[in-house]
Amino acid sequence: MTRPNRLRLILRDLGTGAAFASMAVSGQLPIWALGLFVVALGVALTGRRPFARLPKLTAMLLVPLAGALYLAVASGRMDLVVAACSFAGLVAGQRLLSETSTATDGQVLLAGLLMVAGGAALSGELFFAVCLMAFAVLASLSLGLAVVEAAVPVGEPVPVRAVMRPLAVGTLFALLGAVAFFILFPRLNWNVGARRASPGLGTATSGFSDTVRLGGSGTLKSNPRVVLRATLTPDPLTEQLGAYWLGRTYDTFDGQEWSTIGAPKKRGRTRVTLRRGAETQVYQKVELLPAYGSRTLIALETPSKLGNALAHTPTGTRRTLLQELGGDELRFVEEGLGYSYEVYSVPPGTDTDPGKMEQLEHDQLLALPDNLDPRVTELARQVLGDEKDPLTAANKLSSWLQREYEYTLELGGDVTDPLTEFLFVRKAGHCEHFATALTLLLRSQGFQARLATGFFGGERIGDEYILRAGDAHAWTHVLVPGRGFVTVDATPPAFRANQSLELLESLVSIYEAIESAWRTSVVDYSFRDQMNFVRDLTRPPAGSGEKKRLDLPPLRAWVTAVLVGVAVYQAWRYLSRRKPRTRALEATRFVDAVERQLATVGVRAGDGETLEDVSARLTREAHPLAPTVSPLTRRYLEARFGQRALEPGESAQLLKGLKQAIAALPPKEKPREKAQA
């Protein structure tokens, strides 16, 4: 039995590993399944097959594992798809460690296909696409080598170097063909007109919740993921916006947590008006990305009207209602991975009324926790003196906090009295500490104030502004008679925006741009997109001002036609130079001539027997012609399948050598010749 080609097995095993990785990138497979497959793959890559001697026993071990997975699914502890993917990984691992054979190779690659299908069901993300491409390339090369290996006579080396290049070219053409098929073939599926969303990179989080607990480390501040995109009208035309984006406000502090006493309104609406706006308002078209991870709407301070909301879910996009909660918070009624909506905000510095507030909410703006340390009130009195104006008092306290306290994200765990810890012990904290301190210091002196949370900043990318998770921020609203709530931020200016590393921001931005392109161009690429692609080739460019119909296609249609024509011509030239039919005919004529020469001495091919089989038979029988026929067979395979054509006159030279070998046969072969004849 011929030893399997080592390179073919490595390509097969790596391809199977890529197929398993297409499932693993979803992060849903159990850790034990990951561990077992990684161990099996590692052992297989070393060339060892410990299950080769006990194939049936090791296969039987899969039965109790299948039963355990079934019980996990039946008890609700595991998803059915995840269980099926885990079992496919176990089957692939068992086959990797079994004896190598044609049947085993097919089973391994079939398990790889099943795992790729499982990966599509679990993820479908960009990493899945990379794994899919890796599996397609590695599996194709392995299969190609398997075909060549099967055609080589027993004992002869596989011409790996000669066949790898044509195999690689063939795989490349197959991939290009798949891409062209994907773009051009009509995709009539359920995703014809719907846009979908995906969770993207890692777990989504915005830090929004019904309460804000003071203390802990500020890990969110270093998160570089993009959570919001917005276009503004009028466009401020600045690279760094430096604006406050409001999410919700809190009016009640119990010594550790902020909450709000406002009750949610049950009725959902498509459009909500919070307050009357100024004549010139800032219009925002906002998109909350899956990385945002909350249902609270975000808008530039001070929002006046919000609505026309769409929820993006894994199954498509649909309209959703808005629910009004206390503290001017609005939430999407329907759960979605991402949202888009429209907002109008009053320009900064405009006097506004505080909106619809009940007396209880007004009173709560002065509420202090029962266990407030008396030193807090005394401290505020020392800083403010006899100051009576709320905005001036807020600015004085803000300046004093920025001057006397330090900003830090490195904090310990929860403490009993985080405000006292910040003001009198640690004297360092993040934005929530500064905002809480300012709010309660103001209240202790009779000034109405509340805590606000949202985002600060705005980085311009193209025509829109983006916010990152690290831009999450907290500040203070002080109620000024005649002006409404005015923003006062006690956090030092240098630490208001996100604190992530610039390099990490760039890497995450690059990944998210590629992931967005993958989702737009591949996952969500629908029949409508195909129609638009074709239509864009023939209609005038947007904004060209051409109102009447053109008699001829636009310039880009001509350019596209020329590019396609050049590509087709180059492909035709390449294929013409290769002359595969001519080479195939030359090789076929050559093998026919060899068989005719062998027939003159009684060596004939049986039914279904190829020249490789005849050569192998001669080698087994130690026939005197075996040393001459084996290289002829190898040369025929290279010419027929290895893209190494016979040189002019080479076939005649090889046949001449065969004739000389036949003529030199010892006399004892003559009776054999006659007998066989």
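Residues V226 and I461 form no side-chain contact, since every pair of their non-hydrogen atoms from C-beta on lies 4.5 Å or further apart. Counting only heavy atoms from C-beta outward, the side chains of L138 and R12 never approach each other to under 4.5 Å. With contacts defined as side-chain heavy-atom distances shorter than 4.5 Å, the pair V566/V562 qualifies.
Considering all non-hydrogen atoms of both residues, S651 and L646 come closest at CB-CD1, 4.3 Å. Closest heavy-atom contact between V82 and L29: O-CD2, 4.1 Å. Here the closest heavy-atom approach between residue M164 and residue L7 is recorded as SD-CD2, 4.2 Å.
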Check: Between R604 and E609, is a salt bridge (Lys or Arg N to Asp or Glu O under 4.0 Å) present by the stated rule, with each step listed?
Finding: CA-CA 9 Å; R604 293 186 173 85; E609 201 175 25; over 6 Å; no

Checklist line | Stepwise side-chain contact (heavy atoms from CB on, under 4.5 Å) check, C85 with M115 | finding: CA-CA 6 Å; C85 292; M115 290 191 293; over 6 Å; no

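Counting only distance, with no hydrogens or angles, the side chain of S140 and the backbone of A136 share a donor-acceptor pair below 3.5 Å. Of the possible polar contacts, one joining the S22 side chain to the A19 backbone as a donor-acceptor pair under 3.5 Å is found. Side-chain N or O atoms of S615 include none that pairs as donor or acceptor with a backbone N or O of L611 at under 3.5 Å.
Between E334 and R295 no salt bridge is recorded (no basic side-chain N to carboxylate O distance below 4.0 Å). In this structure, E650 pairs ionically with R635, as a charged nitrogen and a carboxylate oxygen lie closer than 4.0 Å. A salt bridge links D105 with R8: the closest approach of a Lys/Arg side-chain nitrogen to an acidic carboxylate oxygen falls below 4.0 angstrom. Of the charged side-chain nitrogens involved, at least one lies within less than 4.0 Å of a carboxylate oxygen, so that R468 and E459 count as a salt-bridged pair.
The side-chain hydrogen bond (donor to acceptor under 3.5 Å, both in side chains) pairs that include a residue from residues 63-72 number zero, where partners must be two or more places apart or lie in different chains. Among residues at least two apart or in separate chains, ring pair (Phe, Tyr, Trp, His ring centres under 6.0 Å) pairs with a member in residues 12-32 are F20-F37.
At a cut-off of 3.5 Å, with distance as the only test, a side-chain donor of T104 or S101 sits close to an acceptor on the other residue. Side-chain contact of E612 with T633: a donor-acceptor pair under 3.5 Å is absent, judged by distance alone.
Residue-environment remark: CG (L57) exceeds the threshold of 12 foreign heavy atoms within 6.0 Å.
For A44, the side chain to side chain contact (heavy atoms under 4.5 Å, CB included) criterion is met by D13, R49, L96, L97, not counting sequence neighbours.
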